[in-house]
Each structure stands twice: as C-alpha cells, then as structure tokens.
Number of protein chains: 2
Amino acid sequence: MRAINRFNVLDTIRRAGSIARIEISDRTQLSTTTVSAITASLLDDGLILARTEGDLREAAARGRPRVMLELNPDAARVVGAKIAANRMVFVVTDFRGEVLSTLTLALRVDRQPIGVIADLIEDGVRRCVVDANLALDEIDSVCLGLPGVIEHRTGHVRTSPIFRESGVDFAKEMSERLGVTTIVESDAHAITLAHHWFGRARDLDDMVLVSLEQTLGLGVLHGGQLFRGAGGLSHNLGDLVLGMGPQGTVRLASLAGESAILGDQPSGRFAEAIRLGRGMAHAKTLIAAEDNALIGAAIRAGEACGIALANIVTLFAPPRVILVGSSLALGQPFLDSLREAYSLAIPPSIKGVTELVFDQSTDETWAQGAAVVALRELYESPWGTTGPAPAL
Amino acid sequence: MRAINRFNVLDTIRRAGSIARIEISDRTQLSTTTVSAITASLLDDGLILARTEGDLREAAARGRPRVMLELNPDAARVVGAKIAANRMVFVVTDFRGEVLSTLTLALRVDRQPIGVIADLIEDGVRRCVVDANLALDEIDSVCLGLPGVIEHRTGHVRTSPIFRESGVDFAKEMSERLGVTTIVESDAHAITLAHHWFGRARDLDDMVLVSLEQTLGLGVLHGGQLFRGAGGLSHNLGDLVLGMGPQGTVRLASLAGESAILGDQPSGRFAEAIRLGRGMAHAKTLIAAEDNALIGAAIRAGEACGIALANIVTLFAPPRVILVGSSLALGQPFLDSLREAYSLAIPPSIKGVTELVFDQSTDETWAQGAAVVALRELYESPWGTTGPAPAL
DNA sequence: TTATTTAATTCGCATTCCGTTAAAAATACC
DNA sequence: GGTATTTTTAACGGAATGCGAATTAAATAA
C-alpha cells in the first residue's frame, strides 16, 4: 500500500531527474502531506538527495524557493551486460542508471561450453567493477542481457545462439560465481527498457521494440511493464514462420538473420569480418560500393522484416515501434525495402496507428538496458524491510 | 483500495460458485476479519446471498457449520449479443452470467447501412429482454460482440465485415437508441472471456484464443485481463501476412477466411447455403462425400492457420491455446493439416509450452461472452458510490 | 449436559492517508 | 527592516482499512 505510493514517488523523481515536492504532489495526486512523509523516508533511507539550487522556473520567483529532489546516485550500483556471440559489453551504473564504467570484450564465444562463457562473463564483470573503482560486494545486482529465448523469472536460458546447451539455469550459475544476485534477461527486453528510461520511448508506456541483431528479438512494453510470456518467457522473432518453402518452413531468421544476409560459410568472404564482429560494418562498405549480391540479400531481408513488423503491429497496435540492431547499418537498400514491405503489409484498418522509429543504439546502451532491468527490481523491492541495505 | 479487495472477494465467490468466508480468506490471503467486513457490505448491497445448507465437506463435520456465500443472480441483468454477417444471437443473463433467455435472428446483414443494422440489433435486444420477462430499464448494461477491429475503450468500430462504413461510434449510437449503457467488443474477446468464466480456460489466467469464423480473431488473456492493444484495439488475425505472392501480400484471411474456403462468387455453389448461414455445415457434408476441391481448400486453410498459430504461440507463449469457430466444422482434413503445419512451424525451443484445445462453442456461448464483458465492467465498478444501484 | 471443534463476529490497535490549520523557512518587493 | 509570497514542515482530527486476539455461535462427540 504505502509501498505502491513510495514506488510511484520514487519513479516520479527518476523520470523528472530533479523535482520539487509540490510537483510530485501534482503529478502523483498525493497530498503534499503524504509526499512530505514519503520523501522524508526516502531521504532517510538515502535513496534520494535534496538540492537547494536548481529551481528552473523564472528566475525572479518569490516565496520560499523549491528544494529539488533527485535520486541518490550512490544508493545502489548494478552491473549490466550485453552478451553477444562476438563480443561482450559490460557497464557499471549508479542508482540512476548512469554509466560509471564500460568494458568491451571483443571475442567470439560462439557455442563454447558453458563454463568457458561463464568464466569470461565473470572476468568481465569483475574487471568492469574494478574499473569503476568499486569492489564486487558494493554491487547490489547484476543483469545479463542474452540473445535467444530467456526465462527471466526462473533464470533459465532456454535457447541461445551463444550456448551449445539448452535449458541452462544461468542465473543461478552466475549468482554463485559472483556472490551477487544475478538475473538474466533477453537482450531485446533490456534495450526496450533502455529506450523507456533514456531513449526514444521516454514519453510512452506502451510501445514495441524490434531488435535486428544476430537473433531477431522483440520487446513489448505494456502499461510501463514488459509484456512477458507465461513464465517470463522472451520472444524470438527469428522463429516466426513467413511461409512454406520447398524444404519446409521458412523462418524469418533464415531471411533476415545476420548469417542469412552475410552468408555463414566458414570460408565465406565475410568469415573473417564476422569473427571480428565487424560483419555489418564490412557489409555496409560493400553495399556503398554497389555489391549487387549483398544488396539483393539486404533487400530480401528488409522485405521479410517489413512483413514481420506489419504482423506484429497487427497484433499489438502500439503507438510506436522502435527498430534497433546491427542490421540497420546495412543502410538504404535494407531500410527502403523494409519500409515498402511494411506499408504494403500493414492492414488499412490500423494504418496511422503506429509510428516507426529507427535507432542505432550503441552496445553500451544495450548493456545499460540490462542495468535498468536490475534497477527496476531494486526499485520495486521494499527497501525498508528486506531489500539490499542502502548506504548508511 | 478497498475496491480492489472487494473485487477480489467478489470474483473469488464467482469462481467458486458457492464458498464459505473462511475459504475466501484462504484464497485471497485476506484475514477472516476483513473478509467478514467485505462480505457484510456485499450482502448489504445485495450482490451476494448467504445459504445455510450446501456445505459439501465430509458430512460429519464438527464445529459451527459454514455459511455458503454465492452471487445474487438478481443483482444485475445484462444483455450480450453476437453479431455476425448472417445471424444475430442475443442472450439476457443474470449477475452470474447464467442465461435467462436466448434469441437467434437468422438474417444476412452484410454491409447494410448502419441504421438498418442498428434497427435490427435494437429490435433483437428488446425482444430478448421481453422474452426474459424483463423490461429494458431493468437491464444494467448491454455488450455487443462484433467481428472486425473494435476499439472497446472508445466504442468505435474501426472496420467490420458487417459495416460498410468504418470508424463508427457504435457504442454511442446504440446507447442512445436503447437508453441503456451499451459497449462494443470484438467477438473474439467475448468468446475468450466466455471460456475464462465457463469454458476451457476456467483454470487459467493466461491463455490465447483463436477464433476461426468469417473473420479470424484473437483474444489474449494475460493475468486474468484481456490484453488489448493501445486504445483497447482488438486484433484481426486475418490481416496477418503469410508471404508475398504474385499480386502482392498474401494474407491469412485470403487462405483461411470463410469466403476463401467456400468461395465467394455470388453464383458459387455455396452462395445459397452461405446466405442461410449454413455454409460450413454444408461444406462438412461435401467433405464427408469426398469433394476433392473442397478438401483441398480445407487443407490449405488448415496449413495457413497452423502457421499463423505457431507464430502467435512464438510471440505469446501461452500455456494453452483454444481454437473456436465455424471453420472447425470442416473436420479432419482441416484439423489434421492445421496440426501438422503447427507442429512443423512451432520452434523447438518452446515445444511443449503450449497445449492446443479445439472447442465447438455454440452461438449462445459467444453471446454469453459478450454478457461477461458487460458483467466484468459492473463487477469492477464501485457499487457503493456511483455504479448502478442494486435491487433494494 | 458438558466438552470440543470449527466458523464467524466483535473489539481494540496500528497504519495510512487526507484535509485543515498553523508555523517555519527563505526569498522578493517596498 | 518590514511585509508579502511561496514552499515546506508540523500538528491535530477524522476516516478508512486491515490484522490479531478474544468472543460468540452453532454444531458434534462424549
């Protein structure tokens, strides 16, 4: 009950960045008395800070000046990570989700044994924490954003292109290794929350994000919450079937996945670039040089994505769809065919409901999104009672 | 605040049918004290009734006997309707959703002017209410289940096969005609709630329903609530694109819609049967007689549905999918090809997550579902204050 | 009849919120 | 410096809610 109000006040402060009590009272519909009580307790717990300056209204405001409240950056620290097949990116953030340190490991972990991958992640987390001048026991939570089908609630990785095994309880594995609560989440869900907090969806509580990376992921925000399947399952767009071909089902991944566009023969012309994580950058250069085979692949991929996108909009009817991921780097041929296929495929009845936004987020943003997943769980936990103790 | 607990208690009583206070306390995690207070107020408002008999535990139970509580059937009456292109079905139900009277009008309203359709519906509602020995002012709410894309929140019908016009504010139109609060909802959403209350999803708060009628609809139940797109938009599965053909996009409706299976030439062999609303029944007979053209159409439709179904399961990962609608009457060729295409198309990573259930619901059940939509809004409305006054 | 058991209610207490009022704080205007 | 203005805090009363403990109610068992 009060927990709900507390959370609302805290979230209002986070959204505003810096806000006076009377504004909070306005936005949350709580009385100033209640806001005063709640903010007092938040200040007491060290979750927020008061600042005397910073009142941005017209300079000559009479009366008692507002006291601006903001999140206490030091109230918690979390680690977020984006784990991809050819690189890992780690960030340490403060309580606001601001990045304190970044670490990128460019290495191919494709289908190594779990132990090896876990070793690398553990190492990355520890190094990134040290880079932020912190010790691991000062970290409240870790969240790993992984491609594939992830069961957030149970911490299981159902399938992932980076794991040989399936159904791994990776959250437990990493929690034990690090000695810090570690959760797993789909990388698409992570970037979805990153856009909700910092990116192109700050103003919306309902939206859909499509990530076009090695795997094709989906994040659905509904009422400010991630829409997760039963069991907290994440979605894998690449598994969508676009039709029946001569050899059975034709899945989106086979038309628009990274390996479908660049070719996946180990001896292919992209093999070296892919190994180095520069596949798409390389492809972009070739497309600029009018490499017709590649342009054709990009166009086919764009068409497939456009159709899949239209289907998703048909099902979810969000006001905005954000497209992110390395495939956007393919440039015009890909984007134009995507847009065209989308506008052909979108049913007239919901034309105009949805706005398309393309965004080339950096890897750091993905990792930051994972940090946001961790922070949201901290925000909702009852700090006064059982949650992690704030800095005293 | 208390409204939430009140609703939970009321819903617990509804689900149980007949339940003692102590059981409510068990299931809702509320103290017996609170349950006592809330049930007292519900009794006071006439929403529930107490019965001394009916304790079904072992006969020789010691101690004070339980007093069973149940919904007061007379606390409200609503009208639910299923409006289809070739028929309208109306039901009047009591507060429990039990049907008091039914009325079926077999008439083709295909693309008549709005006024004509509204006339027919108004007439149907009035007649059905009279059949239940009631007057219209004893009806608390009316809900119309329509095919197409419906915006429940605003009451607008975006597109519907039964309307020529698009974007009609049909809820307002019918509210004014009847003098009773009238809401509109997608027929697929209605049958989804019907299954949640009375049918094959009584035990689940998360599930997906696919309706295969003239239009192909979808209902997603998420945490006991209908998942509606932004603006309360309903989904239209028929608009899903399954691929690109020679003449542009190939939509599910063009493969698996009623007219796709039976053919839609006005001079076709089914024309007369369709006009009479017996298209599918007729088709079933022909399939039994091994009509190869029709069997082929049914198989193609089944394949298309199976693929679309797999895509929906990929996106929502529900524990159960219920398939309903007239197309199920096509029988083996359709169902077998649907099942086969589904199991080919479902990605291995989520195989086993979802159970398929086929259900041949009667028209009355669809209308009852619309009544449930109306009842749910009554349940959630604050009776003590502004809601419709219960019988005193 | 008395004891036992179970269900439901009553009573008292704690929490939380709101509204009102008042006071304190901090600044601008005169 | 005094007054006006605005924000914030504090204090009090009232209302609503929920829980625990004790009490009452109603039946069976001994």
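Only heavy atoms go into these numbers, but all of them, side chains included; no hydrogens, no water, no symmetry mates. Quick caveat, the model's predicted, so the values are computed rather than measured. Throughout, protein chains are lettered first and strands after them, A, B, ... in sequence-line order, and every chain is numbered starting at 1.
- At whole-Å resolution of the value, CG in Asp26(A) and P in dT6(D) are 15 Å apart.
- The CD1-P distance, from Ile38(A) to dT8(D), rounds to 15 Å in whole Å.
- In this structure, the nucleotide among dC17(C), dT7(D), dA8(C) sitting nearest to the side chain of Asn5(A) is dC17(C).
- The listed nucleotides are dA11(D), dC17(C), dA26(D); the one nearest the side chain of Thr33(A) is dA11(D).
- Across the protein-nucleic acid pair, Leu42(A) atom CG and dT9(D) atom C1' stand 16 Å apart, rounded to whole Å.
- Side-chain contact check for Asn72(B) versus Leu47(B): every heavy-atom pair is 4.5 Å or farther apart.
- Atom CZ of Arg51(B) is separated from atom P of dA7(C) by 17 Å (rounded to the nearest Å).
- The existence of a salt bridge linking Asp44(A) and Arg6(A) is excluded, since no basic side-chain nitrogen approaches an acidic carboxylate oxygen closer than 4.0 Å.
- Residue-level contact check: Ala20(A) touches the backbone only, with heavy atoms under 4.0 Å from sugar-phosphate atoms and none from bases.
- Taking 4.0 angstrom as the limit, Ser36(A) places a side-chain polar atom (N or O) nearer than this to OP1 or OP2 of dT9(D).
- Atom CG in Leu69(A) sits roughly 13 Å away from atom C1' in dT9(D) (whole-Å rounding).
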Under the salt bridge (Lys or Arg N to Asp or Glu O under 4.0 Å) rule, what do Arg200(B) and Asp203(B) come out as? Steps first, then yes or no, please. CA-CA 8 Å; Arg200(B) 310 290 290 266; Asp203(B) 52 332; over 6 Å; no
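- In plain terms, the two heavy atoms of Gly369(B) and Ala194(B) that are nearest each other are CA-CB, 3.5 Å.
- Proximity of Leu226(B) to Glu185(B): side-chain heavy atoms (C-beta onward) are separated by under 4.5 Å at one or more points.
- Set against dC19(D), dG19(C), dA8(C), the side chain of Thr34(B) has dC19(D) as its closest nucleotide.
- Atom P of nucleotide dT7(D) and atom CD1 of Ile19(A) are separated by 13 Å, given to the nearest angstrom.
- OP1 or OP2 of dA7(C) has not a single side-chain nitrogen or oxygen of Arg21(B) nearer than 4.0 Å.
- Distance Gln29(B) CD to dC19(D) P: 10 Å, rounded to the nearest Å.
- Of the side-chain N and O atoms in Arg64(B), none sit less than 4.0 angstrom from OP1 or OP2 of dA8(C).
- Separating the CG atom of Asp44(A) from the P atom of dT9(D) is a distance of 13 Å, rounded to the nearest angstrom.
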